[in-house]
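See below for the structure under consideration.
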Amino acid sequence: MTQKSTFLVGFGLHAGSHGDDPDWRGFWSGLIGRLDGAAEFLTLEDRFADPGRDGLDAILLANWLAPRSRDIGIIAGAPLNVLEPFHVSTAIATLDYVSGGRAGLLAQRLDQQRSLDAGRAIGALKGFPAVDPPSLDRDALAAAEVVRRLWDSWEDDAVIRDVVSQRYVDGEKLHYIDFQGADFRVLGPSITPRPPQGQPLVATSWTAEADLALARAADVVFVPAASDLAGIVAKLEGDGPGTGPKVIADLHVKPDVADVADLIAAAKTSETQGAHGVRLILTDPHRQIAPVVDALVPALRAAGLVAQPSGGDLRSRFGLPAARNRYAAAA
């Protein structure tokens, strides 16, 4: 069943946000404790091969944070052009289990320079795409498709755990995905059972200059708040009105709480144009977290701009339908 989404508020950070703080465990456990209950979701961007900003692996960090939180959804970033989609799929599925259905994937398509930097960091490996934009676009889209197919490669009732017969799974309910892309092939099935949400939420960031394909394939798209939201929604629609991804406006947190509240009010006014919420980008969480959690969020709630987090799995918070298994339907 789909839970009707309200106007959502989330936070955006990157996995290196602890900066030079040697006590990264203390920083992140304290941060998730402050954010939990203050918003519906948190995105963790992976900054691999970003000079000066490279930090912790976002998906591993998300799996560490999940059991230290109670309610907030965690959307973990993965630079799809340099990571094996098979491993991304199993790691996000694990995050969905650890969080009790609060997991999502932030599908990151690296730009040309980041791809070059990543190639130098990892070395020449087969299966990496060329660094021209069309190749990177095609590769990211293919990787996202593989991740989704692998989540469906186990049917919901594939796990048996029959002690008497000593059978763990029903082999007929595991499916090969047999994906062949331009640069790689994945046979499957996954080594992790289907996640609690079936399909954890897939999000991506998009600007007007970027390719539309990955954004159209996502469940949620983050766009700059200053964008023409109505125009973006129209571009992202697939088979007609209401068929495109949910659009969330990005706002960089400013020192003046009133200014941010005004921007959020403007974004919510644009809800009729397709905005489903805002993501507050925290560029300096060491200094921003206290005013945001202690002043901004209560002010937004008092003004009726946002509500308390609704709880439940992450798909339902965004108003997404229950995920059907493509292979079970075909069986």
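Throughout, residue positions are numbered sequentially from 1 according to the sequence presented.
Within the structure, no pair that satisfies the ring-ring contact (aromatic ring centres under 6.0 Å, His included) test touches residues 190-212, not counting sequence neighbours. Residue pairs meeting the salt bridge (charged side-chain N to carboxylate O under 4.0 Å, His left out) criterion with at least one member in residues 13-28, sequence neighbours excluded, do not occur. Residue pairs satisfying the side-chain hydrogen bond (donor to acceptor under 3.5 Å, both in side chains) criterion with at least one member in residues 178-190, sequence neighbours excluded, are listed as follows: Asp178-Arg185. Judged as a salt bridge (charged side-chain N to carboxylate O under 4.0 Å, His left out), the pairs with a partner in residues 91-110 (not counting sequence neighbours) are, in order, Arg109-Asp137. The ring-ring contact (aromatic ring centres under 6.0 Å, His included) pairs that include a residue from residues 59-101 are Trp24-Trp64, where partners are two or more places apart or lie in different chains.
Among residues two or more places apart in sequence or in another chain, the side chain to side chain contact (heavy atoms under 4.5 Å, CB included) test is passed with Pro79 by Asp46, Phe48, Val82, Leu83, Leu110. Partners of Asp156 by salt bridge (Lys or Arg N to Asp or Glu O under 4.0 Å), not counting sequence neighbours, listed by chain and number: Arg194. By the ring pair (Phe, Tyr, Trp, His ring centres under 6.0 Å) test, Phe27 is found to be paired with His286, residues two or more places apart in sequence or in another chain being considered. For the salt bridge (Lys or Arg N to Asp or Glu O under 4.0 Å) test, residues two or more places apart in sequence or in another chain that qualify with Arg70 are Asp36. Judged as a salt bridge (Lys or Arg N to Asp or Glu O under 4.0 Å), and not counting sequence neighbours, the contacts of Arg287 are Asp284. Scored by the side chain to side chain contact (heavy atoms under 4.5 Å, CB included) test, Ala93 finds Trp151, Thr192, Pro195 as partners (sequence neighbours excluded).
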Show which side-chain atoms of residues 290-298 pair as donor or acceptor with protein atoms under 3.5 Å away, not counting sequence neighbours.
unit_1 : atom_1 : unit_2 : atom_2 : d
Asp294 : OD1    : Arg34  : NH2    : 2.6
Asp294 : OD2    : Arg34  : NH2    : 3.1

